[in-house]
Trainee: 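Below is the structure I would like to discuss, written out as structure tokens.
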Amino acid sequence: MPRKRKLKIGDLVRAYFLGTDDIYQVIMVIDKNTYKIKCVRSGTILPSVKWKKDMDKKSPWYIDELVGHNELPKSTEDQNTSKNTTKKTELDIAIKKQKKFIKGKIDK
């Protein structure tokens, strides 16, 4: 079966692993022909999977067909904020202690 199109993250494909087929979801696009996929039922991750037409001869897995697309939920958590941050006053005190230590003045 010829390759339909380039896959995107979240696409569902039928892939074969050691002769058995199952439904997998694309979790990472490595390059234009290589994908990292995860089994929907068991959670098995297959690295560097290619279409059957492009697969290596020694590869135990390959993608056979595109089944559909599954929307991945977007993260609602802000990546720029962190919950366990140090307060500015604590940082200023630590910087002053480091400067004293560098100058050779150690408080005991």
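Position 1 is the first residue of the sequence, and the numbers go up from there. Being a predicted model, the structure only gives us computed values, none of them experimental.
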Trainee: Could you walk me through whether Lys97 and Lys100 pass side-chain contact (heavy atoms from CB on, under 4.5 Å), step by step?
Mentor: CA-CA 5 Å; Lys97 285 183 181 179; Lys100 284 183 182 178; 5.7 Å; no
Trainee: Not counting sequence neighbours, which residues clear side chain to side chain donor-acceptor pair (under 3.5 Å) with Thr89? List them please.
Mentor: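 Checked Thr89 against side chain to side chain donor-acceptor pair (under 3.5 Å); zero matches.
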Trainee: Would you list the pairs meeting salt bridge (charged side-chain N to carboxylate O under 4.0 Å, His left out) in which at least one residue belongs to residues 34-44, sequence neighbours left out?
Mentor: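 Found Asp22-Arg41.
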Trainee: For Asp64 and Tyr16, which heavy atoms make the closest approach, and how far apart are they?
Mentor: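 Result for this residue pair: CB-CE1, 3.6 Å.
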Trainee: Could you list the cluster mates of Leu12? Members are the ILVMFWY residues connected by side-chain heavy atoms closer than 4.5 Å, either directly or through other members.
Mentor: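 For the cluster that includes Leu12, the remaining residues are Ile23, Val40, Val67.
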Trainee: Has Tyr35 got a side-chain atom pairing as donor or acceptor with Leu7's backbone, closer than 3.5 angstrom?
Mentor: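 Yes: the side chain of Tyr35 pairs with the backbone of Leu7.
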Trainee: Is there side-chain contact between Ile9 and Ile27, with heavy atoms separated by less than 4.5 Å?
Mentor: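 No, too far: nothing below the 4.5 Å cut-off.
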Trainee: How far does CD1 of Ile45 sit from CD of Gln25, to the nearest 0.5 angstrom?
Mentor: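 Answer for the CD1-CD pair, Ile45 versus Gln25, is 11.0 Å.
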Trainee: Taking only residues two or more places apart in sequence, or in another chain, which ones meet Phe17 in a ring-ring contact (aromatic ring centres under 6.0 Å, His included)?
Mentor: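 Expected list: Trp61.
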Trainee: Under the 4.5 Å side-chain heavy-atom rule for ILVMFWY, direct or indirect, which residues accompany Ile93?
Mentor: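 None; Ile93 is a cluster of one.
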Trainee: Taking side chain to side chain donor-acceptor pair (under 3.5 Å) as the definition, give me every residue that meets it alongside Asp92, ordered by chain and number, with sequence neighbours left out.
Mentor: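 By the side chain to side chain donor-acceptor pair (under 3.5 Å) rule, Asp92 matches no residue at all.
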Trainee: For Thr34, which residues count as a side chain to side chain contact (heavy atoms under 4.5 Å, CB included) partner, sequence neighbours excluded?
Mentor: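 Testing Thr34 for side chain to side chain contact (heavy atoms under 4.5 Å, CB included), a comparison that skips the adjacent residues, returns Ile30, Asp31, Ser48, Lys50.
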Trainee: Are Arg14 and Asp21 within salt-bridge range, i.e. N to O under 4.0 Å?
Mentor: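 Counted as a salt bridge, because a side-chain N and a carboxylate O are separated by less than 4.0 Å.
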